[in-house]
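Single-structure report; data block below.
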Amino acid sequence: MTGLLHATAARPRVLRLAGPVLGLLSIAFAACAPQQSAPTVAEAEAFLDDAEAQLSKVSEAAGRAAWVQATYITYDTEVLAAEASRQHTELAVALANEAKRFDALVDPPTEVVRKLRLLKLALTLPAPSNAEQTAELSQIAAQLTSMYGSGSYCDEGGDCRDLGQLSRTLATNRDPQALEEAWVGWRTVSPAMRPLYQRYAALGNAGAQELGFPDLGAMWRSMYDMDPDDFAAEVDRLWDQVRPLYDKLHCHVRARLAERYGDDVVTDGKPIPASLLGNMWSQDWSNIYELVAPAGDADAGYDLSSLLEAKGYDAEKMVRTGEGFFTSLGFEPLPETFWQRSQLTKPRDRDVVCHASAWDVDNVEDLRIKMCIEPTAEDFSTIHHELGHNFYQRAYNEQSFLYLDSANDGFHEAVGDAIALSVTPKYLVGIGLLDQEPALSADLGFLLRMALDKVAFLPFGLLVDKWRWGVFSGEITPETYNAAWWELRESYQGVAPPVARSEDDFDPGAKYHVPGSTPYMRYFLAAILQFQFHRSLCALAGDDGPLHRCSIYGSEEAGKRLDEMLSMGLSRPWPDALEALTGQRQMDATAILDYFEPVSAWLDEQNAGRTCGW
Ligand code: X8Z
Ligand code: ZN
């Protein structure tokens, strides 16, 4: 979680009330004081120490308030979380503004420059330094979180379903009418968010502008140790590397869905209806594997969801198994408090935010995950994802406060996923979940199912923040919020809404990270980086077979190098961290392309004679 904090790899930071007051006082004092001499490096260092100390008086309050809101959504917990976040925002904005007085420092040490910059970037959602507007923005953000978390759809018969139940329909039902109803039903939750989001964008922009950024999107693009325009070009470069692979997957899937649902529902040369892809946002297509599997060979060797169920894995056993992977690499087990304080399953009696997240409430050892685990392959993979956040958080917990984060936000999202790439048949046999390794001939099915998850995700990972960047820059206006969203969905993903949409809808709000204030480009980066990490970890583990068969389970050598990267936190520019693990200083999509090479060749054969594109 974070939001104002970081939503997924939560690092709630609590602020002392004295903080903002002191910060504002010193600004006022400077204004009426006699001409002061230029600030010195020593003053900047003292200022930073104090700022870090204030900020790191951590989160006990903001973090706990956010945790309680997310695990027990009521009017009161929303008010309490908004108030805690208001205090956090007020302090962080005051400190960021105060940091401006060191902008013209002569010969500052690299570390001082880095920390001053990080201080200005410390908030995901900055508010203008105006008490009322800060309170308003915190309240809106908390309200949006509650609206998403408690959302549900009730049909005409009065039968209500939450996101988990509607998602199950999308994943398992094959009746286009039922799919459409669940798809549209979930999107009844978000129109009410639209006016709030419009105000949110205006206030967030004003906050970013006060800190010297053109708008909030430009501020988000400034978090990558490079010029923000270069970052935008960098993600486009990576997309260009992987787009041909996506296009051929899309082509095959559309053709097979047309066979299943008929040409009038799925049409050649046109986008695929978004309700048919097995997922509420068409971001992960693995649930429709059996509809697109190699003909006569639908068996990918095993079905992990069935295995988990058959072997009686409950939520805790699944998490303990995930933890076991990390400890096999040499990481310490999770603290006892993780097991006492995490939310592993959906409580029966109250609304919670089920969207999975990992938290580090005290920035030291109070690690937790919050999930609504079901015994499925998807959740087993998400557990590794979340634990990746927790092990990262603990690895860098000796860094100073402003460095308590990943090298860039894509790294945080990539670590657990890279580990999950090692959940191979060989590994599953090793831990007794699978009786014997499937024959080599099952590899194609395995890889196709992985592609339906990892490759299908890429354009979605890219477009969510293309939309938000456009909203924050003003290129997308409130009058075209929804139309612009669907233009991006169609252009990048090649999907279309199953029914006509209009500006009465607010479909971006039906995706957790939009009301939840979590930047999304991190997931696109992670989708690329995780394969880069996996390729290097496999080499360190001495596995020189095909990447999709490699598991680094039990390799202390791989674990040691991983820990070297993780423990750097945000103390160095991300290319240094990447180099520590991979020897490379650039994000590079060749690893994901290598991994899927066999299925890419197979897709070419399948698509022969088909018209691809939309
Ligand atoms: O939000 C998440 C994680 C929490 S950081 C479960 N993910 C994105 C999503 O669900 O949309 C992981 C993959 C992409
Ligand atoms: Zn995550």
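Atoms within a ligand are numbered from 1 in the order they appear, just like the ligands themselves. Not measured: the values here are computed from a predicted model. In what follows, every heavy atom counts, from backbone to side chain, and hydrogens, waters and symmetry copies are set aside.
- When ring centroids are compared, Phe338 and Trp359 stay outside the 6.0 Å threshold.
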Decide ring pair (Phe, Tyr, Trp, His ring centres under 6.0 Å) for Phe411 and Tyr392; before the verdict, give the C-alpha distance in whole Å, the side-chain angles of both, and the deciding distance to 0.1 Å.
-> CA-CA 9 Å; Phe411 282 57; Tyr392 208 155; 7.4 Å; no
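- Taking 2.8 Å as the criterion, His412 does not count as a coordinating residue of the Zn ion (ligand 2), since none of its N, O or S atoms falls below it.
- Listed by atom number, the atoms of ligand 1 under 4.0 Å from Ala356 heavy atoms are 4 (C), 6 (C).
- To the nearest 0.5 Å, atom CZ of residue Phe391 and atom CG of residue Leu329 are 9.0 Å apart.
- Proximity of Tyr520 to ligand 1, defined as any heavy-atom pair under 4.0 Å, is confined to the side chain (atoms from C-beta onward).
- Using 4.0 Å as the threshold, His513 has a heavy atom nearer than that to some atom of ligand 1.
- Any N or O atom pair closer than 3.5 Å counts here, and Gln283 shares at least one such pair with ligand 1.
- Under a 4.0 Å criterion applied to the non-hydrogen atoms of Glu386, ligand 1 contributes the atoms 3 (C), 4 (C), 6 (C).
- The contact set between ligand 1 and Lys511, taken as ligand atoms under 4.0 Å from a residue heavy atom, comprises 9 (C), 10 (O), 11 (O).
- Taking all heavy atoms of Lys454, His355, Arg522 into account, the minimum distance to atom 10 (O) of ligand 1 is reached by His355.
- The six-membered or imidazole ring of Tyr246 lies away from that of Tyr492, with a centre-to-centre distance of 6.0 Å or more.
- Comparing heavy-atom distances from atom 12 (C) of ligand 1 across Tyr523, Phe524, Tyr512, Phe457 singles out Tyr523 as nearest.
- Considering Trp220, Trp281, Trp467, Phe460 in turn, Phe460 is the only one that fulfils the ring-ring contact (aromatic ring centres under 6.0 Å, His included) rule with Tyr520.
- The shortest N or O to N or O distance between His385 and ligand 1 is not below 3.5 Å.
- Those atoms of ligand 1 that come under 4.0 Å of a heavy atom in His389, given as number and element, are 5 (S).
- Contact record, Arg449 with Ser286: O-CB, 3.9 Å, taken as the closest heavy-atom pair.
- At under 3.5 Å, not a single nitrogen or oxygen of Glu413, backbone or side chain, sits near a nitrogen or oxygen of ligand 1.
- Taking both residues in full, the closest heavy atoms of Gln241 and Leu593 are given as O-CD1, 3.7 Å, listed atom of the first, atom of the second, then distance.
- Nearest approach of Val455 to Pro459, heavy atoms of both residues: O-CD, 3.8 Å.
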Yes or no on salt bridge (Lys or Arg N to Asp or Glu O under 4.0 Å) for Arg237 and Asp240, after CA distance, side-chain angles and deciding distance?
-> CA-CA 5 Å; Arg237 178 186 73 81; Asp240 283 343; over 6 Å; no
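- Taking the Zn ion (ligand 2) as the apex, the angle formed with OE1 of Glu413 and NE2 of His385 is 90°, to the nearest 10 degrees.
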